[in-house]
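The structure displayed is predicted, hence computed values, not measured ones. Throughout, protein chains are lettered first and strands after them, A, B, ... in sequence-line order, and every chain is numbered starting at 1.
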Number of protein chains: 2
Amino acid sequence: MAALKYSRQRESIKEFLMTRKDHPTADVVYENVRKIYPNISLGTVYRNLSLLSELGEIQKLSNFGGADHFDGCVTPHCHFMCKKCGQVLDLETEDLNEVAEKAVKNFSGKITECDIRFFGICPRCMNN
Amino acid sequence: MAALKYSRQRESIKEFLMTRKDHPTADVVYENVRKIYPNISLGTVYRNLSLLSELGEIQKLSNFGGADHFDGCVTPHCHFMCKKCGQVLDLETEDLNEVAEKAVKNFSGKITECDIRFFGICPRCMNN
DNA sequence: GTTCATGCAAAGGTTTTGCAGATTG
DNA sequence: CAATCTGCAAAACCTTTGCATGAAC
């Protein structure tokens, strides 16, 4: 496995994700990190987002529809997507993964992960 | 809203999906329906898969990484994706959506849907 | 004959990749 | 100096769309 070397771009991407409580797409990350490193390329952003999520330092939220979203917070929690504005929010829930895995019947494979997502209208869109 | 007209292509796409218990991607649907209608185009397959899922006659599973998968069975059930072979399978579970929605705390928006997905190793890959 | 569906091909959006040069250790 | 990372651009991938023709009603 390749050794990891420091890169200021990667550091900046991670820092940016930490400061956001929404869950930006790669493109949004790119636009923002570009304010600090104007020459950074989209390819580098994608490469580092992939790398960071393999390392478990960020979370990749695949397929809430269009582009992937990224979450700087890796403690397990559920997500909610607003069908009106497309925003992805964190949800506070009771511990669900255990419950979910217990609910599976007659399966002879091995379950290693469970992902629960909610859809609906977000608080902000409720008032419009 | 536009009136719906019969098309043998749409019929064939739906029939094909009904006979499959796995959850093929648009591309697999295309390859198979092509055996019956060699001139059908990928665009038509996509258009009809979209239409059928809007009509509620099939289910679109856009949550598993790469291409979308389609399920001819519309009764609610959970899905499992094998991390080794990429196959998407049905899972038999207790009724979970209700449990899940009750577990949400302190949320002032409105939840209309909940989607639970499982990942791991499928029975077939366990034996290899 | 009007409307909708099709086939084709081009374009759209998102993500990955090859490569030469820059950076890190 | 060797290994990794970057910027750039091209390509890959999946899906949607415009348009002229064909099928359904």
Requested in this report: Would you mind classifying the nucleic acid contact of Y6(B) as base, sugar-phosphate or nothing, using non-hydrogen atoms under 4.0 angstrom?
Outcome: sugar-phosphate
Report task. Check whether any side-chain N or O of H23(B) sits under 3.5 Å from a backbone N or O of D71(B) as a donor-acceptor pair, and report yes or no. Result -> no
Query raised in the report: Within the pair Q9(A) and dG7(D), is there a side-chain N or O less than 4.0 Å away from OP1 or OP2?
Result: yes
Report task. Give a yes/no answer on whether the side chain of Y46(B) brings an N or O atom under 4.0 Å of OP1 or OP2 in dT16(D). Result -> no
Query raised in the report: Does a distance-only test, which skips hydrogens and angles, find a donor-acceptor pair under 3.5 Å between the side chain of K5(A) and the base of dT24(C)?
Result: yes
Query raised in the report: OP1, OP2 of dG22(D) versus side-chain N and O of N39(B): anything below 4.0 Å?
Result: no
**Report entry** Proximity to the side chain of L4(A) - top-ranked nucleotide from dT15(C), dC5(D), dC4(C)
**Finding:** dC5(D)
Query raised in the report: For T44(A), which contact category applies under a 4.0 Å heavy-atom criterion: base, sugar-phosphate, or nothing?
Result: base
Query raised in the report: If you draw the axis of the six-membered ring of F80(B), does the NZ or CZ of R117(B) fall within 45° of it and under 6.0 Å from the ring centre?
Result: no
Report summary line: I40(A) has its side chain closest, among dT6(C), dC4(C), dG7(D), to dG7(D)
Query - Separation of dC13(D) P from Y30(B) OH (nearest whole Å) - result: 16 Å
Report summary line: Nearest heavy-atom approach of Y30(A) to L42(A) is CE1-N, 3.5 Å
Query raised in the report: What does L42(B) touch in the nucleic acid at a heavy-atom separation under 4.0 angstrom: a base, only the sugar-phosphate, or nothing?
Result: base
Query raised in the report: Do R34(A) and dG7(D) share a donor-acceptor pair, side chain to base, under 3.5 Å?
Result: no
Query - Straight-line distance of L96(B) CG to I116(B) CD1, nearest 0.5 Å - result: 4.5 Å
Requested in this report: May I ask you to evaluate whether S41(A) reaches the phosphate of dA9(D), defined as a side-chain N or O under 4.0 Å from OP1 or OP2?
Outcome: no
Report task. Round to the nearest Å and state the distance from Y37(A) atom OH to dA22(C) atom P. Result -> 18 Å
Report task. Check the distance between dT6(D)'s C1' and L51(A)'s CG and give it to me in whole angstrom. Result -> 13 Å
Query raised in the report: Does the side chain of R10(A) get closer than 4.0 angstrom to OP1 or OP2 of dT4(D) through an N or O atom?
Result: no
Requested in this report: Could you say whether R8(B) or G66(B) is positioned toward the 5' end of DNA chain D, judged by the nucleotide with the nearest heavy atom to each?
Outcome: G66(B)
Requested in this report: Could you state the atom-to-atom distance from CZ of F70(A) to P of dT14(C) in whole Å?
Outcome: 12 Å
Report task. Describe the nucleic acid contact of D68(A) in one word from base, sugar-phosphate, nothing, applying a heavy-atom distance below 4.0 Å. Result -> sugar-phosphate
Query - Gap separating the CD atom of E15(A) from the CZ atom of R10(A), nearest 0.5 angstrom - result: 13.0 Å
Requested in this report: For N48(B), report the nucleic acid contact type (base, sugar-phosphate, nothing); a contact means any heavy atom under 4.0 Å.
Outcome: sugar-phosphate
Query raised in the report: dT16(C) C1' sits how many Å from D27(A) CG, rounded?
Result: 15 Å
